[in-house]
Amino acid sequence: MQKHITQITLIKPDDWHLHVRSGAALKSIVGMTAAQMGRAIIMPNLNPPVSNATQAHAYRQEILSALPKDSEFNPLMVLYLTDNTTPKDIQEALDNNVVAAKLYPAGATTNSDNGVTNITKLYPTLAYMQKLGMPLLLHGEVTRSDVDIFDREAVFIDEILSQVVHDFPELKIVFEHITTKEAVDFVLASHDKIAATITPHHLLANRNDMLVGGIKPHYFCLPILKRKNPHQSALLAAATSGNAKFFLGTDSAPHATTDKESACGCAGIFTAHCAIELYATVFERQNALHKLENFASKFGADFYNLPHNTQTITLHKQDWVIPANYPFANSTIVPFMATKTLSWKQLD
Ligand code: NCD
Ligand code: ZN
């Protein structure tokens, strides 16, 4: 009989897709990630976006000064691509320790109005990134109004991603927060420079959780939650497969309670309060706890050619109830799975 596991120690994980906002909102929540993660890829969709090296440097300084004292958390900065981003912008970003560039199709999600309207306009910039080995991070959804919101990721693969991979065979690409079987299959069929992040909420929830028994704004995010079968099941299989192309990226995206509970609620699910515990819950349910460390702490770093963290974290098997809300700037935020019980807990 398998011994009952009561604690697990992991190399400190990294979050390869995270929103921390700025100002008072940043100060409210960044410590939660810093307590669990060694590094995080910081999304640049501020308003205005982080679209040059100077802004990226200033944003990094703001994050560092918002961290708890003695924190060793390392925010990894990302450039926001617009129609006007040039190879020179990429070079300057690289010279200022920016590690990747993010493509938001214009209008795809929160603060993406300055995103790219037509990817072919960026081909000289992508060619330069390919030459430098700088990863392209993709919000993989088309935004045409004739495409159903549940189909936007699959159409993006057919119409855009396949072409980009064909035209830039050496470009490193992270297909961010994948949500569909089509995305899993595409990544599996691609060469080793194509990887994907998977969020805890797309592993733990499907569109029924958002819509059955009343509309639940705290389950609304982009890309939107999909069906259990075949999509959520495909993500569970991919995350726990041990394949190094799939790694941790929470897409924790905080919005104040009032901005979510509204006639036009914002997209974004907040998971930073217990990200690693959520993933541990997933991996335990799949009988794959022994594969959590690779997914959370190794595969992402390997893809970015960064060393593994030297610290560790320990999770204990212990029931605790997720709070109904946390303070967030001068408001509150409702976390993912608020008031539900989790059975793993990182103890300080
Ligand atoms: C993100 C946000 O709020 O910044 N929202 C979300 O639903 N994931 C933006 C994004 O990553 O799409
Ligand atoms: Zn995001």
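All ligand and atom numbering here is 1-based and tracks the order in the structure. Here the structure is a predicted model, which means the values were calculated and not measured.
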Colleague: Number the atoms of ligand 1 from 1 as they appear, then name those within less than 4.0 Å of a heavy atom of C221, with their elements.
Modeller: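 So the answer, numbered in order with elements, is 7 (O).
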Colleague: So F168 and Y123, ring-ring contact (aromatic ring centres under 6.0 Å, His included) or not? Walk me through it.
Modeller: CA-CA 9 Å; F168 298 96; Y123 265 29; 4.7 Å; yes
Colleague: To make sure I understand the geometry: which N, O or S atom in H17 is closest to the Zn ion (ligand 2)?
Modeller: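 The Zn ion (ligand 2) is closest to the H17 atom NE2, counting only N, O or S.
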Colleague: Taking 4.0 Å as the limit for heavy-atom contacts, which would you say applies to N111 with ligand 1: side chain only, backbone only, both, or neither?
Modeller: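 No part of N111 is near ligand 1 at this cut-off.
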Colleague: Starting from atom 12 (O) of ligand 1, which protein heavy atom do you reach first, and at what distance in Å?
Modeller: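 Result for atom 12 (O) of ligand 1: T109 OG1, 2.7 Å.
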Colleague: Can you find an N/O atom of A253 closer than 3.5 Å to an N/O atom of ligand 1?
Modeller: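 In this structure, A253 places no N or O atom under 3.5 Å from an N or O of ligand 1.
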Colleague: Less than 6.0 Å separating the ring centroids of Y279 and F295?
Modeller: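 Here the rings of F295 and Y279 have centres that are less than 6.0 Å from each other.
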Colleague: Considering only protein heavy atoms, which is closest to atom 7 (O) of ligand 1, and at what distance to one decimal place?
Modeller: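 Protein heavy atom with the smallest distance to atom 7 (O) of ligand 1: L222 N, 2.8 Å.
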Colleague: Are I157 and V116 joined in one hydrophobic group, where the rule is that I, L, V, M, F, W and Y side chains link up if heavy atoms are under 4.5 Å apart?
Modeller: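 They do share one cluster, since a chain of ILVMFWY contacts under 4.5 Å joins I157 to V116.
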Colleague: Which atoms from ligand 1 have a heavy atom of G268 less than 4.0 Å away?
Modeller: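 Listed by number with element, the hits are 5 (N), 6 (C), 7 (O).
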Colleague: Take atom NE2 of H191 as the centre, draw a 6.0 Å sphere, and report whether it contains more than 12 heavy atoms from other residues, nucleotides or ligands.
Modeller: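 Yes, because the 6.0 Å sphere around NE2 of H191 holds more than 12 heavy atoms from other groups.
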Colleague: What protein heavy atom lies closest to atom 8 (N) of ligand 1? Include the residue and the distance to one decimal.
Modeller: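 That would be D251 OD2, 2.8 Å.
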Colleague: Within D251, is some N, O or S atom less than 2.8 Å away from the Zn ion (ligand 2)?
Modeller: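 A backbone or side-chain N, O or S atom of D251 is under 2.8 Å from the Zn ion (ligand 2).
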Colleague: Would you mind listing the cluster partners of V78? Hydrophobic ones only (ILVMFWY), side-chain contacts under 4.5 Å, chaining allowed.
Modeller: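 Under the 4.5 Å side-chain rule, V78 groups with W16, I41, M43, L76, Y80, V99, Y104, L137, V174, F247, F299, F303, Y304, L306.
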Colleague: Name the closest protein heavy atom to atom 5 (N) of ligand 1, giving the residue it belongs to and the distance to 0.1 Å.
Modeller: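 The answer is A267 O, 3.2 Å.
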Colleague: Considering only heavy atoms of H17, which atoms of ligand 1 have at least one such atom less than 4.0 Å away?
Modeller: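 Near H17, meaning under 4.0 Å from one of its heavy atoms, ligand 1 has 11 (O).
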Colleague: Are R207 and F150 in a cation-pi contact, defined as NZ or CZ under 6.0 Å from the six-membered ring centre and within 45° of the axis?
Modeller: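 Cation-pi check for R207 and F150: passes.
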Colleague: Please work out, at 4.0 Å between heavy atoms, whether the side chain, the backbone, both, or neither of E176 comes within that distance of ligand 1.
Modeller: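 For E176, there is no contact with ligand 1 at all, from either part.
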Colleague: Tell me whether the Zn ion (ligand 2) has H177 as a neighbour, meaning an N, O or S atom of it below 2.8 Å.
Modeller: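 No, since none of the N, O or S atoms of H177 sits under 2.8 Å from the Zn ion (ligand 2).
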Colleague: Based purely on interatomic distance, does F220 place a nitrogen or oxygen under 3.5 Å from a nitrogen or oxygen of ligand 1?
Modeller: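 The answer is no, given that F220 and ligand 1 share no N or O pair closer than 3.5 Å.
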Colleague: Is there side-chain contact between F220 and I215, with heavy atoms separated by less than 4.5 Å?
Modeller: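 Contact flag for F220/I215 side chains = no.
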Colleague: Quick one, M37 and F73 - any side-chain contact, counting heavy atoms below 4.5 Å?
Modeller: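 Yes, at least one pair of side-chain atoms sits under 4.5 Å.
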Colleague: For H139, take its heavy atoms, then give the atoms of ligand 1 lying under 4.0 Å from any of them.
Modeller: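 Under 4.0 Å from H139, ligand 1 has these atoms: 12 (O).
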Colleague: Would you say M43 touches ligand 1, if touching means a heavy atom closer than 4.0 Å?
Modeller: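 Per 4.0 Å heavy-atom rule, M43 does not contact ligand 1.
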Colleague: Less than 4.5 Å apart, side chain to side chain, heavy atoms only: is that true for L204 and D209?
Modeller: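 No; the side chains remain at least 4.5 Å from each other.
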Colleague: Sort out for me which residue in H19, H139, H201 forms a ring-ring contact (aromatic ring centres under 6.0 Å, His included) with H177.
Modeller: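 Between H177 and the candidates, ring-ring contact (aromatic ring centres under 6.0 Å, His included) is satisfied uniquely by H139.
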Colleague: Just let me know how R21 lines up against ligand 1, side chain, backbone, both or neither, with a heavy-atom cut-off below 4.0 Å.
Modeller: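 Just the side chain.
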Colleague: Evaluate ring-ring contact (aromatic ring centres under 6.0 Å, His included) for Y326 paired with H273, printing each intermediate quantity in order.
Modeller: CA-CA 9 Å; Y326 289 100; H273 57 298; 5.7 Å; yes
Colleague: Is the distance between the Zn ion (ligand 2) and the nearest N/O/S atom of H139 smaller than 2.8 Å?
Modeller: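 Within the cut-off used here (under 2.8 Å), H139 places no N, O or S atom near the Zn ion (ligand 2).
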